[in-house]
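The first residue of the sequence shown is numbered 1, and numbering continues consecutively from there. For ligands, and for the atoms within them, numbers begin at 1 and follow the listed sequence. Fair warning: this is a prediction, and the values are worked out from it, not measured in the lab.
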Amino acid sequence: MTQEEIIDKKRKVDDNLDKKEKKKLKKDKKDKKDKKDKKDKKDKKEKKEKKEKKSENEEETVNATSNETPVVDAGEIEKFLKENEVIIEGGKTLNINPIINFNELTKLNKTILKELNKYPKPTPIQSASWPYLLKGKDVIGIAETGSGKTVAFGVPALNKLTQENSDNKNIKVLIISPTRELAMQIYDNLNTLSANCDKINVCCLYGGVPKDNQRRELKKSQIVVATPGRLIDLIEEGSCNLNNVDYLVLDEADRMLEKGFEEDIKKIISETSKINRQTLMFTATWPKEVRDLANSFMQKDFIKISIGGNRDELTANKRIKQIVEVVDNFKKEKKLLDLLRKYDNSEDKILIFALYKKEASRVERNLKYSGYKVAAIHGDLSQQQRTQALNEFKSGKSNLLLATDVAARGLDIPNVKVVINLTFPLTVEDYVHRIGRTGRAGKTGIAHTLFTEQEKHLAGALVNVLNGANQPVPEDLIKFGTHTKKKEHSAYGAFYKDIDMNKNQKRSLLINS
Ligand SMILES: Nc1ncnc2c1ncn2[C@@H]1O[C@H](COP(=O)(O)OP(=O)(O)OP(=O)(O)O)[C@@H](O)[C@H]1O
């Protein structure tokens, strides 16, 4: 064999060896892949089984929280859902029953339950939202004015704190309100509900009063009820830390998400816990302009609960008799005196709404001049004057209250029999909230509205609200046309109206809150 032949043979042997090696390597690789696929498949299966088991457990937890003893039968639940036109959307909504009677709340803290028992039974929004809230779900709750939404979001918050059972002095629960007076009212409600719960402290932060006391209260409170302006002030100076807040409520949520508040709310929410935060939004009106922004703050599987049918449509409380009169603008104040002669019997309370604070001051003066004992609440008054006016109206010391839209939302004043809209608000949502100061907690009431040509762009939306509540629609109103002008997502509503046009808007928002 020549040298060349030897080299050639060696190369062939090497090539063969290479091929074998490659083949072996290929086989090894394939085996490895098969093994990995098999393992992945097994892991996936186990994960799936685990997940299914977890969700089964979760369902059990819900039932344990809400209906450990199933005292309500399926027929009664069906009847409840139908009668109250309950719509539940989103998330895993199956197998969760509403809590129709308080005695189904077997796991609820006993002292809170005792407080609740002063009511005959939960209101529909309480019945429908509690099972989800007690389970830690994010909820958007939309129900008519005066239907007990404060207790709906308040009870699960308090219960959560009693379960945590710690001496924790961190702020865990934050409730944001658009007005000072509403913040104070929510604070009072939570204090009543938690009166006998040891170690739960609530504090209320709002503008127009000194900060010292609020700073002190903050140090020992787990629950904070606040208006945005003062809250941001206290955060920025380092007196308020929201990092541990894992239960966040926007009351009057659509108002809080409007342009005037949007940036403040984004800032406040960014300060709260990012892990496992439960976010709640409650209101009586849910315009589509705020829905995307609202959704961006919620967990993916949040639940939306509407009571009284589809509340994406603007809906007024049907127990309120709505009377709308189309009048000449310059005749309104004389007409108001006629209405007071008609409705004022010195027993029932009457709430009169003006649009601008200057208008409110003027009308207040004129009414006093005409001999009426009237209290007034608007943004030109000091906080002390506002609080005093509201207290006088609540106690019955004065049975007339003249207000701008600072009093339009949330205020729960007993026995307001009549709401008079001297000047129509800037939005029909505000109209629904204003008239909702009467007819609360199952009662009836009257809303008498003076409508002028200046508001004709809102005629269509108002006609829809009247029709939706089976109320008479005056011919004069239809004459303005039923075209509804699209509402813009911009600065409007209570605060906008109440501002001094000489100041910039942001500053005015802070002053008012
Ligand atoms: N289960 C209940 N049964 C009867 N009354 C209740 C019940 N829960 C709360 N209330 C009462 O209903 C009234 C209205 O409650 P609340 O102010 O919370 O209404 P709301 O739905 O928040 O109204 P708004 O939309 O105007 O803010 C209050 O006086 C409250 O004490």
Tabulating one pair per line, provide the atom names and distances (0.1 Å) for every N/O atom of ligand 1 that is less than 3.5 Å from a protein N/O atom.
from	atom 1	to	atom 2	distance (Å)
ligand 1	1 (N)	Lys121	O	2.8
ligand 1	1 (N)	Gln126	OE1	3.0
ligand 1	8 (N)	Gln126	NE2	2.9
ligand 1	15 (O)	Gly148	N	3.4
ligand 1	17 (O)	Arg440	NH2	3.0
ligand 1	18 (O)	Lys149	N	3.4
ligand 1	18 (O)	Thr150	N	3.0
ligand 1	18 (O)	Thr150	OG1	2.7
ligand 1	19 (O)	Gly148	N	3.3
ligand 1	19 (O)	Arg440	NH2	3.3
ligand 1	21 (O)	Ser147	N	2.9
ligand 1	21 (O)	Gly148	N	3.2
ligand 1	21 (O)	Lys149	N	3.2
ligand 1	21 (O)	Lys149	NZ	2.8
ligand 1	23 (O)	Gly146	N	2.8
ligand 1	23 (O)	Arg440	NH2	3.0
ligand 1	25 (O)	Lys149	NZ	2.7
ligand 1	26 (O)	Arg437	NH1	3.0
ligand 1	26 (O)	Arg437	NH2	2.9
ligand 1	26 (O)	Arg440	NH1	2.8
ligand 1	26 (O)	Arg440	NH2	3.3
ligand 1	27 (O)	Glu252	OE2	3.0
ligand 1	29 (O)	Asp412	OD2	2.5
ligand 1	31 (O)	Tyr119	OH	2.8

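- Every residue two or more places apart in sequence or in another chain that forms a salt bridge (Lys or Arg N to Asp or Glu O under 4.0 Å) with Lys172 is listed here: Glu164, Asp246.
- Across Thr449, Val324, Leu458, a single residue satisfies side chain to side chain contact (heavy atoms under 4.5 Å, CB included) together with Leu477, and that is Val324.
- With salt bridges taken as basic N to acidic carboxylate O contacts below 4.0 Å, one links Glu217 and Lys220.
- Using a 4.5 Å cut-off on side-chain heavy atoms (C-beta onward), Val151 and Trp130 make contact.
- Ion pair Lys304/Asp312 flagged as a salt bridge, since at least one NZ, NE, NH1 or NH2 atom sits closer than 4.0 Å to an Asp/Glu carboxylate oxygen.
- Exactly one of Asn421, Thr423, Thr452 qualifies for a side chain to side chain donor-acceptor pair (under 3.5 Å) with Lys332. That residue is Thr423.
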